[in-house]
Amino acid sequence: MYSRWPTITAKCCRLERPTSSQCPRRCRSRRFWSLIVYDLETFAFIYNPLERAGLDSFDLPNMKRNSDGSTTLYFGPKAPEGLESNWIPTSGKAPLPTVRIYGGTEEFWNRSWEMPDVELVN
């Protein structure tokens with residue numbers, strides 16, 4: 001297993017709008033990947049009414065995919081309209097997103113592939 005904390009381009013704070021991270025069509029994992037969003041102040045899960053602290057490759061059948069086969073994951077106080085299945089609620093907490101790759105492929109380990117950074121959604 002490998003963990004990576006994506007760079008957040010805005011200050012680490014309580015978000016007022018959603019943030020996204022794109023998972024490419026072929027994430028470099030032989031087993032599975034996950035994005036968990038922790039509470040930056042406590043390093044605990046962010047508990048919310050959806051009981052969703054994260055999303056992973058096992059959730060893909062229920063998520064909306066992009067035209068190129070990639071999947072955009074969102075986290076923040078409110079889901080982008082129509083993309084609730086791709087959203088991790090932050091419930092007013094300061095988020096700490098953590099990507100985990102289980103069974104990374106050679107491209108992952110030799111660093112010829114890298115997960116895109118997190119971006120604020122307009």
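Below, each value reflects all heavy atoms present in this structure, side chains not excepted, and no hydrogens, waters or symmetry copies. None of these values were measured; they are calculated from a predicted model.
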[X] side-chain N/O to [Y] backbone N/O, donor-acceptor pair under 3.5 Å:
X: Trp109; Y: Gly104; value: yes
X: Lys93; Y: Thr42; value: no
X: Asp59; Y: Met63; value: no
X: Asn86; Y: Lys64; value: yes
X: Ser57; Y: Phe32; value: no
X: Asp56; Y: Gly54; value: no
X: Asn66; Y: Gly69; value: no
X: Trp87; Y: Pro80; value: no

Tell me, do [X] and [Y] make a side-chain contact under 4.5 Å, heavy atoms counted?
X: Leu96; Y: Phe43; value: yes
X: Leu35; Y: Ile88; value: yes
X: Tyr102; Y: Ser34; value: yes
X: Leu60; Y: Arg65; value: yes
X: Ser91; Y: Tyr47; value: no

Distance from [X] atom [atom1] to [Y] atom [atom2], nearest 0.5 Å?
X: Leu73; Y: Thr71; atom1: CG; atom2: OG1; answer: 6.5 Å
X: Glu84; Y: Arg52; atom1: CD; atom2: CZ; answer: 9.0 Å
X: Phe45; Y: Asp39; atom1: CZ; atom2: CG; answer: 12.0 Å

- request: Provide the closest heavy-atom pair for Val37 versus Pro95 in the form atom of the first, atom of the second, distance.
  value: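 For Val37 versus Pro95, the nearest heavy atoms are CG1-CB, 3.5 Å.
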Check your understanding: Any idea which heavy atoms bring Asn48 and Ile46 closest together, and the distance?
Key ->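 In terms of heavy atoms, the two residues are closest at ND2-O, 3.1 Å.
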